[in-house]
Structures are given as C-alpha cells and as structure tokens.
Amino acid sequence: KERRRGRGRYGGRKCGRGHKGERQRGNRPRLGFEGGQTPFYLVIPKYGFNEGHSRRRQYHPLSLQRLQYLIDLGRVDPTQPIDLTQLTNARGVTVQPLKRDYGVQLVEEGADIFSAKVNIEVQRASELAIATIEKNGGVVTTSFYDPRSLEILCKPVVFFLRGQPIPKRMLPPEDLVRYYTDARNRGYLADPSKVAEARLELAKKYGYVLPDITKDELFKMLSTRKDPRQIFFGLAPGWIVNMADKKILKPTDERLLKYYSS
Amino acid sequence: RLTVSYCRSSGPGGQHVNKVNSKAEVRFHLASADWIPEAVRQKMASMHRNKINRAGELIVNSEESRYQMRNLAICLEKIRTMVTEATEKPKVVSKETTQQFIERVEKMNRERLRQKKIHSNIKQSRKADFD
C-alpha cells in the first residue's frame with residue numbers, strides 16, 4: 001500500500017507543512033517578496049497602458065458570421081432595416097450603455113461566408129466589412145448615439161413606460177465628427193454623392209462588380225436612413241408613446257416644435 | 001480577363017487553415033493583355049520573369065490575410081504596383097543639374113581643405129619652437 005500513514009485529522013504528524021522553518025511555523029513573507037531582491041512587480045516601471053480606460057469608448061464587436069447566423073435562424077429580418085433595437089430584440093448583441101459602450105462595430109470574421117442583402121446601421125465598421133455587405137447588395141451606414149439615446153434604443157419599452165418625451169439624438173463630439181463626416185466610413189453626416197463615389201472605389205479595390213441597388217425591388221427599404229436627430233425609425237423626437245392606451249402624443253406648442261426640429 | 005482562383009493557404013493554423021480557402025491567385029496572359037501598353041508589357045515580362053509560366057501567364061498570389069476578399073484586394077494592389085513600376089521612365093538628369101552637382105562637390109572639397117588649413121594653423125601656433 002502507498003506510504004500514507006501519519007494518522008489523525010488532515011494528515012497527522014507534520015500535517016503537510018514541511019520540516020521546521022518559516023514554512024512550518026506559518027511565518028512566510030508576503031506575496032511577491034523575493035528574499036530582499038527587488039521584486040518583479042517593482043522592477044518594471046509604471047506606464048499608462050490602462051490610464052483613462054474608464055473614459056474610453058467601447059464598441060461591442062458584431063461579426064458578419066454572427067449576423068449571417070441570426071438571419072439564417074430567422075431572428076433578424078433582412079427585409080427591414082437592421083438597427084441596434086432589432087439586434088437587441090433578437091438577442092444578437094447585448095450592449096451595456098452604462099459600461100462606456102457607445103454601440104456596435106462590424107468585424108470581418110465571416111467575410112467569405114456572408115451572403116445577405118441587408119440595410120445595416122452600426123456605430124463603426126471596418127473597410128472589409130463594408131465591402132462585403134455592399135458586394136452582396138446591401139447598404140451600410142455608421143451613425144452616432146450618445147449614451148442616453150443608446151440606452152433608449154436598447155430598451156425602448158422601459159423608456160416608454162417612463163412617460164417621458166423622446167429626446168433628440170445629440171451630435172457627435174469633436175473627435176468623432178471627422179469620422180462620421182467621412183464617406184469612406186459611410187458616416188451618416190457624409191455627402192451622399194461622395195458615398196456613391198466611395199462605393200465605386202471599394203468595388204475597384206476589392207475587385208467585384210458593384211450591384212446596382214436602384215434596380216432592386218427593395219430599393220426603397222434599403223435606402224431608408226434615419227434623420228440625424230431621430231432615434232427610432234417611425235417616431236420623431238418630442239413624441240410621447242403611451243403603452244397602456246396604445247396612443248402617441250405629439251407636442252403642439254410652437255416653441256416645443258421649434259426645439260425638437262432644431 | 002483576369003482568372004481568379006482560391007485555394008487553401010500554407011503554414012500553421014490548425015483546422016482553419018485546412019478547411020478555409022484563403023489563398024487568392026490571379027493569373028492573366030501577359031502578351032494578350034490589351035489593357036496594358038506594349039512597351040510596359042515587355043518591361044513587365046523582363047522584370048517579373050520568375051513569375052511568368054511557360055504558357056505566358058503572369059501569376060500573382062497572396063496568402064497574407066485570413067480573408068479571401070482581402071487577399072484578392074492585395075493581389076490587385078500588387079498588379080497595380082507592377083504596372084506603375086513598369087510605366088515609370090528612368091530619371092533624365094539635365095545638363096544644368098549635372099553641372100550643379102559637380103559644382104557642389106567641388107565647393108564641398110574646397111571648404112573641407114580650408115577648414116583643415118585653419119585647424120592646422122591653430123595646432124602649429126600652439127607649438128613652441130625654441131631655435
């Protein structure tokens with residue numbers, strides 16, 4: 001039989017503590033101490049890698065593979081414009097606006113497999129992702145949502161139950177204005193003619209024939225875009241949605257209308 | 001006019017490398033490519049002799065990225081750079097510029113010798129010669 005004697009509770013005899021010294025007597029120094037030599041965690045100098053991490057904008061990644069998966073399972077409807085609300089309702093992505101999330105970004109994970117014609121609206125998109133979606137005849141737009149409107153977008157029902165009027169979406173901060181006015185990122189503030197030029201450029205770069213969406217039957221749906229101040233597709237800022245009575249209340253006061261149409 | 005084919009790339013990568021076609025290869029017959037001017041075609045044939053096969057097709061392949069589309073874009077970019085390199089004319093140095101270069105070199109040498117003489121004078125003035 002294996003040599004396991006010692007008897008008693010928890011081993012007995014030396015109780016797995018070793019023989020004499022600090023080990024047995026329970027007096028070992030603190031974690032990280034190296035017997036007097038400058039420990040590793042003090043030798044390495046400090047550098048601000050994680051400095052200000054709580055002020056950085058985070059975008060939840062959405063791969064094209066995941067999008068294809070959701071469309072194939074029928075959780076997301078490709079015949080309607082795809083928005084963050086649609087994705088959240090389909091539980092495709094879970095966005096946490098309170099954790100410095102500013103939205104969703106498109107990632108190229110399933111670029112070779114992707115084959116779906118959709119009108120997508122995200123907050124950031126990389127070049128290959130835009131190219132893949134346009135190759136299959138879709139439309140990509142990048143738009144900005146400030147944290148308050150992002151929360152309303154992700155959980156609309158909870159907001160409607162509060163009974164407050166829909167606020168207008170704020171414009172992006174200085175560093176992001178440049179990103180959203182650029183046609184190459186298909187920003188929502190960019191010139192439509194420049195966006196068309198950028199589409200041709202991408203087609204030339206990636207070597208595919210750009211499908212003409214004007215001749216498409218779903219062209220009207222594909223070309224629907226949101227107003228820069230609008231949060232939801234059908235609703236304008238300033239309206240109150242009453243869930244209990246299934247009614248929408250619109251403001252009639254001149255000043256309010258002027259403010260909300262800004 | 002360009003023949004594109006995809007196949008599996010080489011190198012480590014496990015299951016992804018084995019199953020996914022990510023290597024993009026673009027071929028086109030160089031002599032019959034009418035979208036490139038004649039002189040440029042010959043230049044390319046001489047520059048990229050190693051990339052042309054017996055049938056006369058120029059082959060460009062790329063397996064740098066994980067995505068087919070990006071590899072295709074890289075191939076097209078490589079072809080574009082090849083054509084631009086072949087189109088550029090050798091730099092013709094005009095007579096005035098050659099003259100300027102020679103003058104500059106002479107000036108530099110003169111200045112260098114002048115500085116050397118000054119330095120030599122300084123060192124000699126420190127010498128104390130008792131006659």
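Hydrogens, waters and symmetry mates are skipped; everything else that's a heavy atom, side chains included, is used. Letters go in sequence order (proteins before strands), and every chain restarts at 1.
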Problem set entry | Polar side-chain atom of Y67(B) near backbone of E108(A) as donor-acceptor pair, under 3.5 Å | yes
Problem set entry | OG1 on T132(A) to CE on M69(B), rounded to 0.5 Å | 4.0 Å
Problem set entry | E51(A) CD: over 12 foreign heavy atoms closer than 6.0 Å | no
Problem set entry | Heavy atoms of other groups near F40(A) CZ, more than 12 under 6.0 Å | no
Exercise. What are the two closest heavy atoms between R70(B) and L128(A), and how far apart are they?
Worked result: NH2-CB, 3.6 Å
Exercise. Has Y69(A) got more than 12 heavy atoms of other residues, nucleotides or ligands less than 6.0 Å from its OH?
Worked result: no
Exercise. Could K205(A) and E77(B) be called an ion pair, given the rule that one side-chain N must be under 4.0 Å from one carboxylate O?
Worked result: no
Exercise. Within a radius of less than 6.0 Å around CZ of R184(A), do more than 12 heavy atoms belonging to other residues, nucleotides or ligands occur?
Worked result: no
